[in-house]
Amino acid sequence: MTTPLNAESAPATARRSATPIILDASDRAANGYAAQGHAGTGGARQSPLLDGLNPQQKEAVEYRGQALLIIAGAGSGKTSVLTRRVASLLETRDAWPSQILAITFTNKAAAEMRERVHAILGQGSDGMWISTFHSSCVRILRREAEKIGLSSTFSIYDSADTKVTLKRIIKGLDADTYGFTPGSAGAKISKLKNELADADSYARNANMSDPQEVMFVEIFRQYSARLRAASALDFDDLIGETVYLFRAFPKVAALYRRRFRHLLVDEYQDTNHAQYALVHELTRPVTAELAQEMEDDGVHVRNLRDMTGAIPGASLTVVGDSDQSIYAFRGADTRNISGFERDYPGAKVILLEQNYRSTQNILSAANAVIGHNFDRTDKKLWSAGGDGEKIVGFTAYSGHDEAQFVSDEIQVLHAAGMAYRDMAVFYRTNAQTRALEEILVRSATPYRVVGGTKFYERAEIKDALAYLIAVANPVDELALRRILNTPKRGIGPATETGLSSFADDNELTFRQAMRNSASLGLGPKVTGAILKLAELLDAAALMLVPTSVTDDGVPVGAANDGAANVSEVLEFLLNGSGLLAVLRSSRDPQDEVRAENIEELVAQTKDFNKENPDGGLVDFLTQVSLVAAADDLDDASGTVSLMTLHTAKGLEYEAVFLTGVEEGLLPHQMSANEPGGPAEERRLFYVGITRARKRLYLSLAMTRAQFGDINVAMPSRYLQEIPAELIDWKQSPGMANSRGGTQPRALNARRDGGFGGFGNSLNSLSDGFGGRSRGSNSAKEAGLPPGKPKTEWANKITGTVRDNGSLELAAGDRIRHHDFGEGRVNQVTGEGTKRIAHVQFDSMGAKKLLIKIAPIEKI
DNA sequence: TATCAATCGTTAAGC
DNA sequence: ACGATTGATA
């Protein structure tokens, strides 16, 4: 909150000394090898901001109008265009920094943009808002909290907090008998909030003759009531309440519409309805009437008013690519981007198709894959950088085998001079990391898993933070109940419930109930513990009160004059509660780590004090709630990165390993029944492919351990969509068969036509892909474009995996394995396709083999 | 209140 | 297979 909203007047035609625009090397390098050849377009001297840009990019930087949609294909220099556009707005004096609001989805993206804008402008970028949707909203809401009945120190509930709250509600209502779980109810509530619905509006349209619906409405109501009582907002509320604020208080909205004259929104295809509405509210004009009112109130608006006296809507730039929309499952609505021209008539649309990242082979594969999604506007990425290497394909026998291949290839690349940090391994599900990590550890390959457990989600950190929250927002019952018996004070669940109902019955907050716990008639020990905690929190709250205040309690001088800073309060609470001491003296070795984590948190509060001398407790807590993954920014380390395909979005690497390209995994099984599911999975695959600059590896396994047992997998339908000539199969899914193909290691033990078992429905070659599917057949789910007979697939991959058909084995049988040699069957377990032979090999020890596909024969 | 066995539910993930 | 969570037991 560095720039007071009303302080500066910012005429559109401001006179000021032009900020020197300097492009740093990294920004210039963003367009890589294609940077040359687009030198000056001739004529007038052009700004260095346009150096190295292609004509479309230039236009995107220079266009001035109400609305601009930039369709930015993968690797098309989007960030560069966006940051230069911001710089250009300032350079041409179309805007003051404080008139610009740039919104991203992730802190990482915001940080990157801030950094790059700062690199161009230096101090000139001060006062600009470059932040996520959520932090922008928090900033606004903290300022205006009272207007919508919240404390300005409102708590922000994360999904774990939501879950705990819903769990209590569901328990209280016995709603689990209706099949509600905290997760399911939470997902539904979140979805509704993303549509800007609340409990009442939902109830109006709900089918109230359905008892389950009635129950859900009640859950929703109670959830909203609890959050309100705790002066808390969940993540969805942050957006929704801001929209509500703007709609219910036009004068408040007018102040922000006046201030933000230029909105830029990144990843627009990922916006949900609430975010769309927020953008819309911010870019509406201020009526002449309201503008006049503002002027009468002493707000400077004259320079902004048009001939009718109104303030026109702010200019809006959105950047997106519907082909990279992979978050429909959490409410993203691509209609926001496809309907942009309708929503903002007269909008300019610029298409960025030239790719500066990948080789043409990789792009051709990407284009071919995404081309199978219908209802998209055609877009073809192209590169001036040449074909490059072929894509490498590999079919492994198992997940471990696949991991071994990845590991081996990483070593080959590394030996050839590629740094580990330039390589990444992608997968669809987190469970796939297991095998990969195992092998990478064994081969001593440095790696790190991106994403995963976050520091602030650890229980001990949440405990420590709950103390701080309880101080900052005394009405937050959730925080209080979390610390009530942490560390152990002998306050059990019965006492907790007692306090809670005592509070409800007497219309007290939980905190007040604690202070009055003496009148509850509990044991003296328990009562003493409760009172001690209440006193500790009250004392901590007092530390935050500035010492120099006037008679009315208004601080004199600096905002926090004399008040304790965050680290002092935290240390006071830790000492007073014994939280840290208990962990230190514990004999559980894990508690040692927990203690260290808390110490790390203390260190972070000290850093915060240093970086934000004026920052208070609430500012710290806000930062913690919204900036959850500050630790994975250190990607300068020399390690291979492992991450899910979702996490990979927005990143790029020299070499990419895309693993688990199998039916059931990519596309994921769970997506099959959802409308638009398979298409979204295809976009996910597309996103993965387009992350690669030079080398792309696609791998799959014929069997994969999942949920404790082994499943037979078949190649992903998406592999068919890549022209065969682009892929060099080191080991193809097609094995020796009548149509030819390679003879992959470990797959070809039986050459005498081991394709029995066609009578078995699980075995039928139903779709020309040699597929066996699990149970339900996949032919109709294959999502093939109509009018493309399967027999005409360009790719000759048959997808056939080994099939021992009806091979019957029993204990005592001797078998021969292609790799392991001869052995004796000890036991056969499992049913149907999952029958497993437990074999004692003569020289290789005991193994478990999936009879259906193992390279074995009876002897 | 603490510990242990049984049970459950496993897609992705930003803030 | 695995981890988190729940329920039963001492």
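Numbers restart at 1 for each chain; the letters A, B, ... are given by sequence-line order, proteins then strands.
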Note to self: In this structure, how many angstroms lie between the C1' atom of B/dA13 and the OH atom of A/Y427, rounded?
What the structure shows: 13 Å
Checklist line | side chain to side chain contact (heavy atoms under 4.5 Å, CB included) partner of A/L658, chosen from A/V425, A/L645, A/L700 | finding: A/L645
Notebook entry, point to check: With respect to the phosphate group of B/dA13, does any side-chain polar atom (N or O) of A/T644 fall under 4.0 Å of OP1 or OP2?
Noted result: yes
Item checked: Side chain A/D237, main chain A/D234, donor-acceptor under 3.5 Å -> yes
Notebook entry, point to check: If you measure from CG on A/L238 to CZ on A/F133, what distance do you get to the nearest 0.5 Å?
Noted result: 12.5 Å
Item checked: Results of side-chain contact (heavy atoms from CB on, under 4.5 Å) for A/S231 - residues two or more places apart only -> A/L150, A/S151, A/F154, A/N473, A/V475
Check: For DNA chain B, which residues in residues 320-330 of chain A have a heavy atom at a distance below 4.0 Å?
Finding: A/Y327, A/F329, A/R330
Next item on the list: Quickly work out the A/Y268 OH to B/dG14 P distance and round it to whole Å.
Entry: 22 Å
Checklist line | Integer-rounded Å distance: B/dT10 P and A/Q669 CD | finding: 15 Å
Margin query: Measure CD/A/Q706 against P/B/dA12 and give the value in whole Å, please.
Written below: 11 Å
Polar pairs (N or O, both sides) under 3.5 Å between protein and nucleotides 4-8 of chain C?
residue : atom : partner : partner atom : Å
C/dT6   : OP1  : A/K167  : NZ           : 2.9
C/dT6   : OP2  : A/K167  : NZ           : 3.3

Check: B/dA13 phosphate, OP1 or OP2: any side-chain N/O from A/N430 under 4.0 angstrom?
Finding: yes
Check: What distance do A/S159 atom OG and A/D161 atom CG have between them, rounded to the nearest 0.5 Å?
Finding: 8.0 Å
Margin query: Whether A/T647 contacts B/dA13 is assessed here as follows: a side-chain N or O lying under 4.0 Å from the phosphate OP1 or OP2. Is that the case?
Written below: yes
Notebook entry, point to check: Given that A/K488 and A/H134 both sit by DNA chain B, which one's nearest nucleotide is further toward the 5' end?
Noted result: A/K488
Item checked: Euclidean distance, atom NE2 of residue A/H668 to atom P of B/dA13 [Å, nearest integer] -> 11 Å
Note to self: In this structure, how many angstroms lie between the P atom of B/dA13 and the CG atom of A/D234, rounded?
What the structure shows: 20 Å
Item checked: First of A/E680 and A/P493 reached from the 5' end of DNA chain B, by closest nucleotide -> A/P493
Checklist line | Enclosure of A/F329 CZ (heavy-atom neighbours >12, cutoff 6.0 Å) | finding: yes
Check: Given atom CZ of A/F707 and atom P of B/dG9, what is their separation to the nearest angstrom?
Finding: 12 Å
Next item on the list: Mind checking the OG-CH2 spacing from A/S136 to A/W129? Nearest 0.5 Å is all I need.
Entry: 6.0 Å
Notebook entry, point to check: What is the distance from CD1 of A/I239 to P of B/dG14, rounded to the nearest Å?
Noted result: 16 Å
Check: Is the count of non-hydrogen atoms from other residues, nucleotides or ligands lying under 6.0 Å from A/E115 atom CD greater than 12?
Finding: no
Margin query: Classify A/R434 by what it touches in the nucleic acid, base, sugar-phosphate, or nothing, heavy-atom distance under 4.0 Å.
Written below: sugar-phosphate
Item checked: Between A/Q269 and A/E267: side-chain donor-acceptor atoms closer than 3.5 Å -> yes
